[in-house]
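Okay, so here's the structure we're looking at.
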Amino acid sequence: NIGGSISQSGNFSNSEWFGPVSYSKAVKKAAPSVVNIYTKTTIKRSNHLPLKHPFFKRLKKQQSDRIQGSLGSGVIISKDGYVITNFHVIEAAEEIVITTNNGKKFDASLIGADPETDLAVLKIDNQVLPNIVFGNIKNLSVGDSVLAIGNPFGVGQTVTMGIVSGLGRNQLGISTFENFIQTDAAINPGNSGGALVDVNGDLVGINSAIYSKSGGSMGIGFAIPIDLVKKITEQIIVKGYVTRGWIGVEVQELTDDLKDSFNLSSNSG
């Protein structure tokens with residue numbers, strides 16, 4: 001048989017040709033490890049008022065700092081409470097609250113972040129939590145089915161399905177180091193930091209960004225691949241930051257004066 005099993009009628013079996021009818025097993029495996037993240041940031045009011053006048057003195061007294069809230073998603077990666085999310089989800093946050101899939105709320109602390117890859121690690125203390133299983137990016141191919149799990153628009157945990165549309169996407173201007181998985185699984189604001197899982201429910205990426213002219217999903221989403229996530233996460237947990245190597249080499253034009261100083265012939269370079 002070619003491409004699938006053949007029934008007695010001579011037709012391909014739907015379950016073999018089109019894949020599994022339901023992804024509920026994958027969702028049940030991964031969903032408890034995906035959390036909602038709520039942050040609060042204080043926005044300072046402007047103090048540029050001519051305070052000598054009594055009216056402006058009263059106005060300043062009545063003003064107060066504005067509290068700005070935002071939401072996103074995260075993934076529990078260890079039973080002792082480490083959670084990974086996007087850096088832009090928690091950037092400048094003064095308070096971080098995590099809500100698990102079963103509705104429990106916990107205060108979270110920031111362990112460290114890497115803006116260059118848009119990743120951050122949070123910690124929930126003194127809790128035993130359901131952690132996700134890491135997948136293998138080498139087993140992921142264009143055309144494979146994937147599921148995006150997160151909290152779009154704050155409506156609650158949501159699962160969307162799509163395929164891997166591309167691998168190794170870069171030069172997108174999203175972050176400094178780019179090697180994204182592209183997917184057409186619907187990803188919307190609030191999905192950032194959530195899980196991209198394969199049909200086994202294993203984590204293959206962290207949803208990070210979308211291409212959109214309207215602000216909503218247009219079928220072009222990007223996730224940070226799990227191999228990069230693991231490397232960054234391990235460094236942040238151990239050291240609180242990421243260290244990268246660099247080479248102290250600078251390119252310079254080989255001028256006539258430099259040729260003379262190195263005793264090079266005029267034809268060199």
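Hydrogens, waters and symmetry mates are skipped; everything else that's a heavy atom, side chains included, is used.
Among Ile206, Ile90, Ile98, Leu110, the one residue that satisfies the side-chain contact (heavy atoms from CB on, under 4.5 Å) test with Thr85 is Ile90.
Linking Ile, Leu, Val, Met, Phe, Trp and Tyr residues whenever their side-chain heavy atoms come within less than 4.5 Å leaves Leu122 and Tyr82 in two separate clusters. Taken together through direct or relayed side-chain contacts under 4.5 Å among Ile, Leu, Val, Met, Phe, Trp and Tyr, Val34 and Tyr38 form parts of separate hydrophobic clusters. Leu228 and Ile111 end up in the same hydrophobic cluster when Ile, Leu, Val, Met, Phe, Trp and Tyr side chains are linked at under 4.5 Å. Tracing side-chain contacts under 4.5 Å through hydrophobic residues (I, L, V, M, F, W, Y), one reaches Val75 starting from Val121; they form part of the same cluster. The cluster map of Ile, Leu, Val, Met, Phe, Trp and Tyr, joined by side-chain heavy atoms under 4.5 Å apart, puts Val146 and Phe134 in the same cluster.
Looking at every heavy atom in both residues, Thr233 comes nearest to Ile77 through CG2-CD1, 3.2 Å. Gly72 and Val89 get closest at one heavy-atom pair: CA-CG1, 4.0 Å. Heavy atoms only, all atoms of each residue included: Ile187 and Phe222 are closest at CD1-N, 4.5 Å. Minimum interatomic distance between Thr39 and Ile37 (heavy atoms only, all atoms of both residues): CG2-CG2, 4.1 Å. When every heavy atom of Phe180 is checked against every heavy atom of Pro225, the shortest pair comes out as CA-CD, 4.3 Å. Phe87 and Ala113 make their closest contact through CD1-CB, 3.5 Å (heavy atoms, listed as atom of the first residue, atom of the second, distance).
At most 12 heavy atoms of other shown residues, nucleotides or ligands fall within 6.0 angstrom of atom CG in Asn126. Atom NZ of Lys231 has 12 or fewer heavy atoms from other residues, nucleotides or ligands within 6.0 Å. Residue Lys230 places its NZ atom among 12 or fewer non-hydrogen atoms of other residues, nucleotides or ligands, all under 6.0 Å distant.
Considering OG of Ser165 and CD1 of Ile220, their distance stands at 8.0 Å, rounded to 0.5 Å. Summarising the geometry, atom CG belonging to Asp80 is positioned 8.0 Å from atom CD1 belonging to Ile237; distances are rounded to the nearest 0.5 Å. Put simply, CG on Asp202 and CD1 on Ile132 are 8.0 Å apart, with the number rounded to the nearest 0.5 Å. Put simply, CG on Asp118 and CD1 on Ile232 are 11.5 Å apart, with the number rounded to the nearest 0.5 Å. Distance check: Ile236 CD1 to Leu119 CG gives 6.5 Å after rounding to the nearest 0.5 Å. Atom CG of Asn191 is separated from atom CG of Asn86 by 10.5 Å, given to the nearest 0.5 angstrom.
Asp144 places none of its side-chain heavy atoms less than 4.5 Å from the side chain of Asp198.
Panel note: side chain Lys28, backbone Gly201; no donor-acceptor pair is recorded below 3.5 Å. Between the side chain of Asn36 and the backbone N or O of Gly154, no donor-acceptor pair lies under 3.5 Å. A donor-acceptor contact shorter than 3.5 Å links the side chain of Asn207 to the backbone of Ala195. The main-chain N or O of Ala185 is never found under 3.5 Å from a side-chain atom of Thr160 such that the two would form a donor-acceptor pair. Judged by distance alone, the side chain of Asn151 and the main-chain N or O of Gly156 form a donor-acceptor pair under 3.5 Å. A donor-acceptor pair is defined here as one N or O able to donate and one able to accept, closer than 3.5 Å; no such pair exists between the side chain of Gln182 and the backbone of Arg169.
Residue pairs satisfying the side chain to side chain donor-acceptor pair (under 3.5 Å) criterion with at least one member in residues 130-142, sequence neighbours excluded, are listed as follows: Lys79-Asn131.
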- prompt: Please walk me through it: do Val197 and Val204 pass side chain to side chain contact (heavy atoms under 4.5 Å, CB included)?
  reply: CA-CA 5 Å; Val197 303; Val204 293; 5.6 Å; no
- request: Evaluate the criterion side chain to side chain contact (heavy atoms under 4.5 Å, CB included) for residue pair Val164 and Thr183; output intermediate values, then yes/no.
  value: CA-CA 5 Å; Val164 175; Thr183 178; 5.8 Å; no
